[in-house]
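All chains are named by letter (A, B, ...) in the order of the sequence lines, taking the proteins before the strands, and each is independently numbered beginning at 1.
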Amino acid sequence: MEKTFQPADIETRWYQQWEASGYFAPQGGERAYSIMIPPPNVTGSLHMGHGFQEAIMDALIRYHRMCGYNTLWQVGTDHAGIATQMVVERQLAAQGISRHDLGREKFVQKVWEWKEESGGTITRQLRRLGSSLDWSRERFTMDPGLSEAVQEVFIRLYREGLIYRGKRLVNWDPVLHTAISDLEVVAEEEQGQLWHFNYPLAGGEGHVTVATTRPETMLGDTAVAVHPADERYSHLIGRMVALPLTGREIPVIADDYVDREFGTGVVKITPAHDFNDYEMGRRHGLPMINIFNDDAAINDEAPEAYRGLDRFEARKRVIAEMDSLGLLAKVDAHTLRVPRGDRSGVVIEPYLTDQWYVDAREMARPAIAAVESGAIQFVPKQWENTYFAWMRDIQDWCISRQLWWGHRIPAWYDESGHFYVGASEAEVRADNALADDTVLRQDEDVLDTWFSSALWTFSTLGWPQETPELATFHPTSVLVTGFDIIFFWVARMIMMTLHFRQEVPFHTVYVHGLVRDAEGQKMSKSKGNVIDPIDLIDGIDLESLVSKRTAGMMQPQLAARIDKATRSQFPEGIAPYGTDALRFTYFSLASTGRDIKFDIGRIEGYRNFCNKIWNAARYVLMNCEQQDCGGDGGVELGLADRWITSKLQQTTAEVTRAVASYRFDLASQALYEFVWNEYCDWYLELSKPVLWDEKASAAAKRGTRQTLLHVLETTLRLLHPFMPFITEEIWQTVGPMAGKTGPTIMLQPYPQPSHKGVDSVANADIEWLKGVIVGIRNIRGEMNIPPGRELPVLLRNGNEQDRSRLEENAQFLKKLAKLGDISWLPPGEEGPVAATALVGELEILVPMAGLIDKDAELLRLRREIEKLEKELARIRGKLGNASFVDKAPEAVVAREREKMQALQQALETLQEQERQLRQL
RNA sequence: AGGACUAUAGCUCAGUUGGUUAGAGCGCAUCCUUGACAUGGAUGAGGUCCCCAGUUCGAAUCUGGGUAGUCCUACCA
């Protein structure tokens, strides 16, 4: 074995072997356990958030696989309509080609080519993370099978009246030329202006003043509105206003929606370009004048002077024109929330178009009930509130997108605009008895990518066919996801699955936090603070990191800043830490919070932890290979052996409990603590005096070796779901030595906690031993006595148990605390001048002669005494309180009394010691 | 505007049903290349548990109010 752990050597080797051996596929068994991967964008790459999520899923999957479940982790990717189409369009644009130059068919062909070319990135990354996905069942949302499912769902929902087509206001992206759903719009506060325009009253006596943040929309105004109870304007209701610039006259209407306090209390109404105005327009039967084209440039409905102008250019012109007419009353600075497309970043326009919708309200009802009844549970539970809040106020879902990349809507139009929904043109003709010469044209639009993702849990298993996989693995066990897509994905999956399968898609939704950078900033390409998980595994030099982060930046000044920040944050680049360390870091951060700040410092600690495991194994092998480890003859198990076995049981119970409650941070902490602070720090040290003692019995040595191996082997299995690679590598050697057979640790049984395993006698004895050793080390450490120097020790005032414990453990004490002679001070005999440590009543005296400075020891005693005095005072106060003694439970009071007695005694001893020292 | 979450050591975070001397890792200080590991060992310093009030014999923990931060939802032109 190498002296230090070298992850790079072993990781890919083991992964290939596991995959080639088919270990990732379901292994059969009574109980099924399944997880569907949230499908990443096929043309994207994994970021830290993915890495986190995959690690959690893999831990769950490996854990349950080892527990004997028939385990499926379904892998697959998503076609990511808008994102992917944008990427390919950008590539074409670089060659001066637009998708329209190519035409639909060729463009889609290009996208498929790009998918083939880039699709490997994700799957490569998933493998590097150690994810034990069943690659033989890999799916893609645009696969024939999944496409069939999409079509089936669309047609059935349409026939059930749950999908409809309608002319509505949608969120229109004027750059991408598509509608997007409410969820794909992000509204951030931006600094803008509020323009006040005077609209003259028809008839020429005065005006009303309206305020707007989007002056250009006045060209489409069809009314102005006031509050019905607003006395200032009640006389105007029903009168007409001369809309400037257009020559149109529009009515003054009254509507409750108007806020009398805001602006002038008069609102211009543009039903075709504002969601609220749209509703009001419908209430009042107002005409809807659409003034934009698909680019959000002014169309022919507007006065000639504005036609063809971009919306922002038109805005300037409108303002200038109003100003010159003397109708611009004032301009205020105004903060408003500007809606932007989450992909394109451009300002979204409410735009009147024909789109397809899902009647979400209808489908939400059972979906709400499923969570209310507990059929689906969120972890942590509070996310259920978020889910309910959204579901109870759900809006119809606009599912059509004006894109070329995606599932084309199975609807055909004849020349008079009638449409027919069906699986194919032929079927539509047959079903509707259309003549052969009727010209039909398929809907140009595709479906929202989330529409196909919503079917993911069952479409991947072969639906609409009733496959054995569906029967076995659906509903799935748990969905692991971030809270940011509860609405996008989780809610829609629940709705679709309940509707088409009459069962839930998953029993549990585990919602994890979002990975942020060390400052708590969201990781994003434009901020340049993204870390590629692979770079943490393999390491990356500074120059490569800088160029990776600044590549393809549109704004050079941004690149310069990122360059600088990266250099200061990672002056040495990033060291290679390996997958196991990265994964363990993820687990340690996976608590219940919403944000996960990824501090690079932590991964280093867990790299060290890997090394610790590695070296512990090295030690075990050095001492056990070619040795009798309990195979021949009997074994004798000493105190240390019984103790570490007991601790192992406790750890097993803790880890099992933690995994059951999705507390991977607690699981990883329990494992870390056990391996490092118990097994390595104490047990390995305690094994040395046995193994290296020529006088120790062969049976004791066998017992120690057996325990070393048994505990290590069990620990490896406990650790395996969290650190798959290092555990497999070591287990290959250690497993057989511990009597295990089998080709891989992956398929070994997971350790189960047993009640009889906890040995409280051994625990207490070792605690005593540790107390003595730490007491002496403390003196050594504080007095700067070199660790190599043997110390003589005198004991005083111990009880019978102290005496027997000493007798049994003298050799351990001598070795671990580096002691020379240990002897009891006869009663009544005055000992030498000494430094003191206390373990219960037992006094441990380290003679100071030539070793210890008197003042230093006095100082040390003083500190200790003060600490005890403070604590004693606190407890005395407590016990002096009559109502405490009366009302607190018996056991609590008794414990406090015991504590007080122990403290008093310790204090007296130390004070006596101090007196003696002073007298010198 | 409504709601959620967060606030504990210099930093990142644990702290189960109220009773702990409030913990861990990293960092820091001192010492140490003893034969698993310097990616190591030993020891130590470091806390007004955000603030105020309440419930209680007892509050980091429960309740109410406040402050700060993060986020989500919402129709303010």
Engineer: What interatomic distance, in whole Å, is found between C1' of B:rU56 and the corresponding atom of B:rG10?
Structural biologist: 36 Å
Engineer: Using the C1' atoms only, state how far B:rU61 lies from B:rC72, rounded to an integer number of Å.
Structural biologist: 27 Å
Engineer: Would you indicate which nucleotide in B:rA45, B:rG19, B:rU39 comes nearest to any side-chain atom of A:Thr4?
Structural biologist: B:rU39
Engineer: Under a 4.0 Å N-O cut-off, is there an ion pair linking A:Arg260 with A:Asp230?
Structural biologist: no
Engineer: Take atom C1' in B:rA14 and the same atom in B:rA24, then report the distance between them in whole Å.
Structural biologist: 7 Å
Engineer: Give every pair of a protein N or O atom and an N or O atom of nucleotides 74-77 of chain B that lie under 3.5 Å apart, one pair per line with the distance.
Structural biologist:
unit_1, atom_1, unit_2, atom_2, d
B:rC75, O4', A:Asn276, OD1, 2.8
B:rC75, O4', A:Asn276, ND2, 3.4
B:rC75, O2', A:Tyr257, OH, 3.2
B:rC75, O2', A:Asn276, ND2, 3.2
B:rC76, O2, A:Asp259, OD2, 2.7
B:rC76, N3, A:Asp259, OD2, 3.3
B:rA77, OP2, A:His334, NE2, 3.3
B:rA77, O2', A:Ala211, O, 2.8
B:rA77, N6, A:Asp259, O, 2.6
B:rA77, N6, A:Phe262, O, 3.1
B:rA77, N1, A:Asp259, N, 3.2

Engineer: Among A:Ile574, A:Ile603, A:Leu582, A:Asp580, whose side-chain contact (heavy atoms from CB on, under 4.5 Å) with A:Ile537 holds?
Structural biologist: A:Leu582
Engineer: Within the 4.5 Å heavy-atom criterion, are A:Ile250 and A:Val224 side-chain neighbours or not?
Structural biologist: yes
Engineer: In the structure I gave you, are the side-chain heavy atoms of A:Ile394 and A:Met391 within less than 4.5 Å of one another anywhere?
Structural biologist: yes
Engineer: Indicate yes or no: at least one non-hydrogen side-chain atom of A:Cys624 is less than 4.5 angstrom from one of A:Leu708.
Structural biologist: yes
Engineer: Report each atom pair, protein N/O against N/O of nucleotides 54-61 of chain B, whose distance is under 3.5 angstrom.
Structural biologist:
unit_1, atom_1, unit_2, atom_2, d
B:rC57, OP1, A:Lys887, NZ, 2.6
B:rC57, O4', A:Ser883, O, 3.4
B:rC57, O4', A:Ser883, OG, 3.4
B:rC57, O2', A:Asn881, ND2, 3.1

Engineer: Reading nucleotides 28-36 of chain B from the 5' end, what letters show protein touch, with B for base, S for backbone sugar-phosphate only, - for no heavy atom under 4.0 Å?
Structural biologist: --SS----B
Engineer: Rounded off to whole Å, could you give me the OH-to-C1' distance for the A:Tyr387 and B:rU73 pair?
Structural biologist: 17 Å
Engineer: What distance, rounded to whole Å, do you find between the two P atoms, one in B:rG69 and one in B:rU63?
Structural biologist: 24 Å
Engineer: Mind checking whether A:Phe609 and A:Trp676 have parallel, tilted or perpendicular rings, split at 30° and 60°?
Structural biologist: parallel
Engineer: What is the distance, rounded to the nearest whole Å, between atom CG of A:Asn677 and atom P of B:rA24?
Structural biologist: 9 Å
Engineer: How about A:Asp665 and A:Ser588: does a side-chain donor come under 3.5 Å of a side-chain acceptor?
Structural biologist: no
Engineer: Could you tell me if the side chain of A:Met1 sits less than 4.5 Å from the side chain of A:Glu729, heavy atoms only?
Structural biologist: no
Engineer: Take A:Phe5 and A:Arg780, find for each the nucleotide of RNA chain B with the closest heavy atom, and name the residue whose nucleotide sits nearer the 5' end.
Structural biologist: A:Phe5
Engineer: Would you call A:Arg862-A:Glu866 a salt bridge at under 4.0 Å N-O?
Structural biologist: yes
Engineer: Given B:rU39, B:rU12, B:rG15, which nucleotide is nearest the side-chain atoms of A:Arg663?
Structural biologist: B:rG15
Engineer: Pick the P atom in B:rC76 and in B:rG18, then give their distance to the nearest Å.
Structural biologist: 42 Å
Engineer: Decide yes or no for A:His273 and A:Ile291: does some side-chain heavy atom of the first lie under 4.5 Å from some side-chain heavy atom of the second?
Structural biologist: yes
Engineer: Of the options B:rU70, B:rC11, B:rU73, whose atoms approach the side-chain atoms of A:Asp599 most closely?
Structural biologist: B:rC11
Engineer: Does A:Lys330 come within less than 4.0 Å of A:Asp332, counting only side-chain N to carboxylate O?
Structural biologist: yes
Engineer: Could you state the CG-P distance from A:Asn778 to B:rA42, rounded to the nearest angstrom?
Structural biologist: 13 Å
Engineer: Base, sugar-phosphate or nothing for A:Trp195? Non-hydrogen atoms, less than 4.0 Å.
Structural biologist: nothing
Engineer: Tell me: CG of A:Leu872 to C1' of B:rU21, nearest whole Å?
Structural biologist: 12 Å
Engineer: Counting only pairs under 3.5 Å, give me each side-chain donor-acceptor contact of residues 884-894 of chain A, with atom names and distances, residues two or more places apart or in other chains.
Structural biologist:
none

Engineer: Show each protein N/O and nucleotides 3-10 of chain B N/O combination with a separation under 3.5 Å, one pair to a line.
Structural biologist:
none

Engineer: B:rC50 and B:rC11: how far apart are their P atoms, nearest whole angstrom?
Structural biologist: 14 Å
Engineer: How does RNA chain B read in dot-bracket, base by base from 5' to 3', with Watson-Crick or G-U pairs under 3.5 Å and | used when the partner is on another strand?
Structural biologist: (((((((..((((.....[...)))).(((((.......))))).....(((((..]....))))))))))))....
Engineer: Return the value, rounded to whole Å, for the distance between atom CG of A:Asp665 and atom P of B:rG23.
Structural biologist: 19 Å
Engineer: Can you tell me how far P in B:rC31 sits from the matching atom in B:rA36, rounded to whole Å?
Structural biologist: 25 Å
Engineer: So what does A:Phe598 hit on the nucleic acid, given a heavy-atom distance under 4.0 Å: a base, only sugar-phosphate, or nothing?
Structural biologist: nothing
Engineer: Give me the distance, rounded to whole Å, that separates B:rA59 from B:rG19 when you measure between the P atoms they each carry.
Structural biologist: 11 Å
Engineer: Between A:Leu671 (CG) and B:rG25 (C1'), how many Å, whole number?
Structural biologist: 15 Å
Engineer: Over all strands shown, is A:Lys899 touching base, sugar-phosphate only, or nothing at heavy-atom distances under 4.0 angstrom?
Structural biologist: sugar-phosphate
Engineer: Whole-Å distance between B:rG19 P and A:Glu890 CD?
Structural biologist: 19 Å
Engineer: Could you verify whether a donor N or O on one side chain and an acceptor N or O on the other, from A:Glu654 and A:Thr651, lie under 3.5 Å apart?
Structural biologist: no
Engineer: Flag the pair A:Tyr672 / A:Tyr606 as yes when their ring centroid distance falls below 6.0 Å, and as no otherwise.
Structural biologist: yes
Engineer: Is the closest side-chain donor-acceptor distance between A:Thr217 and A:Lys268 under 3.5 Å?
Structural biologist: yes
Engineer: If you find the nucleotide of RNA chain B closest to A:Val774 and the one closest to A:Arg607, which residue's nucleotide is nearer the 5' end?
Structural biologist: A:Arg607
Engineer: Which is true for A:Arg777 with a 4.0 Å heavy-atom rule: it touches a base, it touches only sugar-phosphate, or it touches nothing?
Structural biologist: sugar-phosphate
Engineer: Parallel, tilted or perpendicular: which describes the rings of A:Phe584 and A:Phe587, with under 30° parallel and over 60° perpendicular?
Structural biologist: perpendicular
Engineer: Do the rings of A:Phe664 and A:Tyr662 sit parallel, tilted or perpendicular, given the 30° and 60° boundaries?
Structural biologist: perpendicular
Engineer: Compare all side-chain heavy atoms of A:Ile596 with those of A:Met48 and state whether any distance is below 4.5 angstrom.
Structural biologist: no
Engineer: In whole angstroms, how far is the P atom of B:rA14 from the NZ atom of A:Lys597?
Structural biologist: 11 Å
